[in-house]
Amino acid sequence: MSIKVSIHKTHRHLTGGLETVDVKGQTVGDCLKDLIERYPEMGKVLFKPGGKLHPLIEIYLNTKSTYPDELKKPVKAGDEIYITLMLAGG
Amino acid sequence: MALDRKIAYIDLSTGKIETRPIPIEVRKKFLGGRGLDAYLLYNHAPQGCDPLGPDNPLMISGGILTATCASATARTHIMAKSPLTGLLGSANMGGFFAPEMAWAGFHHLVIKGKAKSPVYIWIHNGRIEIRDAAYLWGKSTTETQWAIREELGDEDIKSAVIGQAGEKLVRYANVMTGIKNAAGRTGMGAVMGSKNLKAVAVRGTMDIRIAHPVDALEHNKHFIDGITGAKVNKTQGALGTPFIWGATNSWGGLRNRNFQYNQMEYADDIEPERLDEIATETIGPHHMTGCFGCQVHCRAQYKIPSGPYAGKYDEGPEYTSQGAFGAEPDCRKAETVLAGNHLVNQYGVDNLEIGSMIAWAMELFELGIITTKETDGLDLRFGNDEALLEMVHRICLRKGWLGDVLAEGGIPASEKIGKNSFDYLIQVKGMNNLHSDERGTPGLALNIATASRGSDHLRSRPAIDLYHLPEKVMRKIYSSPVPYDGPLSSEHTDYEGKPWQVFWHQNCYMAVDCLGICKYHTVFLGATLPNFEDWPKVIYYNTGLEFTPVELWEIAERCNNLERLFNLREGLTRNDLKKGDMLNHRYFDEPTRRGAPDVVGRTIDRQKFNKMVDEFYSHCGWDKKGVPTSETMQRLGLNQEPSHLL
């Protein structure tokens, strides 16, 4: 089944300029894994070296934040995943 | 109850003190905190008054929710005419001061006049005294607070104080409380210094009756769940505000070497993880702390690990200190950032302003506009850590020609330095910017250009614009509490829709500052955090006052328009580079040189920028010159101002 992943603008140079990428999987974690298999550089911005999701990355599934346990959240065909980057503060 | 808290008028010239209740009708129009302070400023400051003269009123306040059962109501607001900009002076700090002042019986102070010699104000359970502070003059911010506690024999006293920078009338001196809580913009510390006022000390044990305590507590449990359940707060609670440093820098959103670059190279030593490591090594694993009623705990404690300031204890550094003592002067050592942070906290000076001023001077030095003659021999090149810290001392103590000149603020300094030095000054309305580079983010550029207190990120920045949120999420946020069906874009490089976002956040942050709550507990920091829809209940349960979200929005609009009226009265005009809603030419003319592909090579398009300003003014109900229309004045009930109700 196809899930659409929306790529943050600051990461699009890592996906060949694509704004969205169609991926497959049963969970958010599967989908991100599929994304990284095709665009390995995305792994470095999404995950810390130990394999945990980066603390600045928040994943939205359709209109809801998936935090906590983001990677375990189930997905279905037609869902949209948004990679958001928490750059607010100061 | 919370609404019983009074206002006190204190005249330091005559010693006269008067207290009054705050009429409920005034509360309904301006709530408290920054909004009511804006009303007081507009009503009490004579037009054209000298910001460092006795006529300039200084307001110190808590919000309408301060010290109630609502979480995160720690903020103290301070307002006066700014000695830095000559326009609105307004600053806000966390800590424990405002709640203590509320328990001592007061929500608002209006301080006028000038004492003959140094004094401090002592407020204790409804009583107010003016006391001698000669022995405190010359002391640092923390020494002052401890000396007052010792003199009055109570370790629970909270004080809002100035350090030596305020005494020396550095035009961007802070008011501070605790170790690092700083009302740190627009020079409110210099206003205190000009009045010979070293501190305001408070201690209170007066009950605050909550209108509906069971509901208030129950609601606050849900609020806390929402705050602690947000990922952004988890991250901020672990790393503090520096958490955004790494991604912002690698993306290309930082101001480096004044404004020459938008990314700092070789910055590993000042990454948040490294700062966290130092805090862990010097304090221990539980080194994060917070303000009154806070569940986030964004403030690290640390000791400086090495160098000339080794062993000194402090709190922070904030993201702003990473910029002030790291990115802007291009200094790459953690110990320099930590030492710079320590010095500004002790002297009581705005880290954003002093960091920007020194970085500007460094660029002027490298360009030959100033030389070792003006620096008294100091090699003021970028990357010179020792020179950076030496300049902090010189500015705060007004030592040497350049220290004294830079203490006057950017525009007066540029007039004294001459040549084309002003062209390199990254300011709006006379106040320097945060170390952010907005050339890739038009919405953020519009924010700093139009913010009421000068170039600033806490007045209207649509910070979540950078998240790349789903458009439906953005639409939900930005079409409430008032309808909006215009354009919205989750692309931060777009121009479309940004004026509405800036307008929306301008109202949002005003409401937050009237309530007295911390912005990190609001939509400023994350899309899932509270905003207009959540606050009416909190206000009702705690104070009994009933508002709809739309009514809160209208109050925020009213208060923002009062700030605008004050600025217009004091000389703001739309395109004035020194007093207007205009950016430095470098935003338009110099493309960014570094960063991710979406950022590199960008400038702000002047025509599109002007169109954004037009549209923003239109949302605000202002004409093309940025003046509130008669219809707006009528709609917001401002056509009788100044009305002198308080």
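Residue numbers begin at 1 in each chain, while the letters A, B, ... track the order of the sequences.
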Inset, instruction - With a 4.5 angstrom heavy-atom cut-off, could you sort out which part of A/His11 is near chain B: side chain, backbone, both or neither? - result: neither
Legend entry - Proximity breakdown for B/Lys234 and chain A, heavy-atom pairs closer than 4.5 Å: side chain
Legend entry - Working for side chain to side chain donor-acceptor pair (under 3.5 Å), residues A/Asn62 and A/Asp79: CA-CA 6 Å; A/Asn62 302 318; A/Asp79 277 350; 3.1 Å; yes
Legend entry - Where at least one partner belongs to residues 40-56 of chain A, residue pairs that pass salt bridge (Lys or Arg N to Asp or Glu O under 4.0 Å), sequence neighbours excluded: A/Glu41-A/Lys44, A/Lys48-B/Glu273
Inset, instruction - Give a yes or no answer on whether the side chain of B/Glu353 reaches the backbone of B/Asn432 with a donor-acceptor pair at less than 3.5 Å. - result: yes
Would you be so kind as to tabulate the donor-acceptor pairs closer than 3.5 Å made by side chains of residues 463-472 of chain B, with sequence neighbours excluded?
unit_1   : atom_1 : unit_2   : atom_2 : d
B/Asp465 : OD1    : B/Lys498 : NZ     : 2.7
B/Asp465 : OD1    : B/Gln501 : NE2    : 3.3
B/Asp465 : OD2    : B/Lys498 : NZ     : 3.2
B/Tyr467 : OH     : B/Leu525 : O      : 2.2
B/His468 : NE2    : A/Ser6   : OG     : 2.8
B/His468 : NE2    : A/Ile7   : O      : 3.4

Inset, instruction - Determine the option with the most heavy-atom pairs under 4.5 angstrom with chain A, choosing from B/Trp245, B/Tyr319, B/Trp251. - result: B/Trp251
Legend entry - Leading residue by heavy atom contact count with chain A [cutoff under 4.5 Å; candidates B/Thr320, B/Leu239, B/Thr493, B/Thr241]: B/Thr493
Legend entry - Partner of A/Val21 under side chain to side chain contact (heavy atoms under 4.5 Å, CB included), chosen from A/Lys4, A/Met42, A/Arg38: A/Arg38
Inset, instruction - Let me know if B/Ala230 has heavy atoms under 4.5 Å from chain A in its side chain, its backbone, both or neither. - result: backbone
Inset, instruction - Pick one of side chain, backbone, both or neither for B/His492, based on which atoms fall under 4.5 Å of a heavy atom in chain A. - result: side chain
Legend entry - Test: B/Glu438 and B/Arg461 ion pair at under 4.0 Å: yes
Inset, instruction - Answer with side chain, backbone, both or neither: which region of A/Glu80 has an atom nearer than 4.5 Å to a non-hydrogen atom of chain B? - result: neither
